[in-house]
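First the structure, in the form of structure tokens, and then the observations on it.
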Amino acid sequence: MGKYVIAGNWKMNKTPAEAKALIEEIKPLVKDATCDVVVGVPFVDLSVALEATAGTNIGVAAQNCHWAKSGAFTGEISAEMLKEMGVGYVILGHSERRTYFGDTDVTVQQRTRAALDAGLTVILCVGEYLEQREQGVTGEICAMQTKIALGGVSKEELSRIIIAYEPVWAIGTGRTATAEQANEVCALIRNTVADLYDVEAAAALTIQYGGSMNAANAAELLAQSDVDGGLIGGASLKAPDFATIVAAAK
Ligand code: PGA
């Protein structure tokens with residue numbers, strides 16, 4: 001299976017000074033991690049995050065990027081801007097971007113293309129709403145989001161894609177998917193990728209679970225055969241909890 005990656009999604013939390021303090025707290029706790037560790041910080045924190053993580057095993061992610069190289073897109077940030085700063089990862093297609101900021105499967109695909117072209121690694125989020133799960137279309141929704149986002153992505157470029165399965169009803173709600181539910185959809189996403197590319201490429205892909213993953217439930221979720229890591233929101237803002245999740249990713 002794919003290599004384990006534990007990524008924090010800080011969302012709109014922490015000023016630059018607070019970000020520096022949190023990273024300093026996280027650093028010693030995760031220095032012996034056997035998985036990849038990433039912190040996804042607000043744009044204005046990228047600079048201090050890169051400085052504070054220099055020479056460590058912690059990678060830095062932005063939480064979005066635009067699909068164009070440059071232009072009249074007030075308030076947006078391009079993938080090349082991130083790359084030039086030294087940022088390694090970008091979270092794309094998060095359900096909060098899709099729900100509140102109008103991201104669609106097509107714009108997620110365009111952003112993914114731009115990020116790969118700039119040399120970034122993409123943490124691509126897919127997941128169903130509660131009504132969709134209740135209607136029995138979770139598999140279709142996640143397969144469709146995956147297929148559209150990966151449109152035009154080559155097999156070589158797939159090594160710079162991480163997919164995060166995040167059921168929207170589990171995000172920030174304290175209502176985690178069961179380990180079986182998480183594994184079932186992660187396996188389905190892997191099969192979708194196998195259909196698009198091949199079984200080897202799908203097996204090498206890192207597929208994370210995200211949605212109320214915390215220090216108490218991480219070990220069980222991460223032990224599932226198709227779960228290769230986590231995208232962590234709330235619990236990533238507490239250094240000891242984040243470190244416990246990192247330690248559970250073996
Ligand atoms: P949560 O958020 O861990 O707070 O549920 C996960 C995410 O949105 O990536």
Side-chain angles (χ1 to χ4, degrees), residues 4-14 18-19 22 26 30 35-43 45 49 58-65 87-103 108 111-112 115 121-130 132-133 138 141-142 145-146 149 161-179 181-183 185-186 189 206-222 224 227-249:
Y4 275 79
V5 182
I6 298 294
N9 174 12
W10 291 11
K11 310 192 180 188
M12 196 176 74
N13 292 291
K14 305 293 174 188
E18 291 167 346
L22 179 55
I26 290 171
V30 305
C35 62
D36 287 0
V37 181
V38 178
V39 290
V41 306
F43 286 129
D45 295 347
I58 304 175
V60 174
Q63 299 173 8
N64 191 25
C65 73
V87 172
Y89 301 78
V90 61
I91 300 169
L92 293 175
H94 191 278
S95 67
E96 285 148 21
R97 300 290 326 165
R98 295 178 190 256
T99 303
Y100 306 131
F101 303 105
D103 242 343
V108 172
R111 292 181 203 273
T112 300
T121 293
V122 175
I123 300 177
L124 170 67
C125 305
V126 302
E128 82 287 1
Y129 286 101
L130 184 59
Q132 294 169 328
R133 175 162 284 268
T138 297
I141 294 291
C142 294
Q145 291 179 350
T146 300
I161 298 273
I162 293 167
I163 297 183
Y165 166 54
E166 298 208 307
V168 183
W169 47 272
I171 295 176
T173 58
R175 187 177 160 193
T176 322
T178 64
Q181 285 171 329
N183 198 49
V185 183
C186 288
I189 292 167
T206 297
I207 304 182
Q208 300 173 319
Y209 167 78
S212 298
M213 193 188 271
N214 58 40
N217 62 27
E220 194 193 355
L221 287 159
L222 294 167
Q224 301 304 307
V227 179
D228 313 315
L231 184 56
I232 326 294
S236 73
L237 298 169
K238 297 176 207 125
D241 290 25
F242 187 61
T244 301
I245 298 170
V246 167

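In each ligand, atom 1 is the first atom listed, and ligand 1 is the first ligand listed. One is the number of the first residue; the rest follow in order along the sequence.
We find the CD1-CZ distance between I6 and F242 to be 7.0 Å, quoted to the nearest 0.5 Å. If you take SG on C125 and CG on L92, they are separated by 8.0 Å, rounding to the nearest 0.5 Å. Note that OG1 of T176 and CH2 of W169 are 8.5 Å apart. Values are rounded to the nearest 0.5 Å. Separating the CG atom in L221 from the OG1 atom in T178 is a distance of 8.5 Å, to the nearest 0.5 Å.
The atoms of ligand 1 that sit less than 4.0 Å from any heavy atom of H94 are 7 (C), 8 (O), 9 (O). Atoms of ligand 1 lying under 4.0 Å from at least one heavy atom of A170, given by number and element, are 5 (O). Shown in contact with G172 at under 4.0 Å from a heavy atom are these atoms of ligand 1, numbered in order with element: 1 (P), 4 (O), 5 (O). Close approach of ligand 1 to I171 is summarised as follows: ligand atoms under 4.0 Å from at least one heavy atom of the residue are 2 (O), 5 (O), 8 (O). Of all the atoms in ligand 1, the ones that sit under 4.0 Å from a non-hydrogen atom of G234 are 1 (P), 3 (O), 4 (O).
By the criterion of a heavy-atom distance under 4.0 Å, neither the backbone nor the side chain of C125 is placed next to ligand 1.
In terms of modelled atom types and a separation under 3.5 Å, the side chain of Y89 and the main chain of I91 share no donor-acceptor contact. A side-chain donor-acceptor contact under 3.5 Å links S236 to the backbone of G233.
Note: no N/O pair closer than 3.5 Å links G211 and ligand 1 by distance alone. No N or O atom of T173 sits closer than 3.5 Å to an N or O atom of ligand 1.
Counting heavy atoms only, K11 comes closest to atom 2 (O) of ligand 1 of the residues E166, Q208, K11.
Ligand 1 has S212 within reach: a non-hydrogen atom of the residue lies less than 4.0 Å from it.
Residue-environment remark: CD (E220) stays at or below the threshold of 12 foreign heavy atoms within 6.0 Å.
Given atom 3 (O) of ligand 1, the protein heavy atom at minimum distance is G233 N, 2.8 Å.
Judged purely by distance below 3.5 Å, without hydrogens or angles, the side chains of H94 and E166 pair a donor atom with an acceptor atom.
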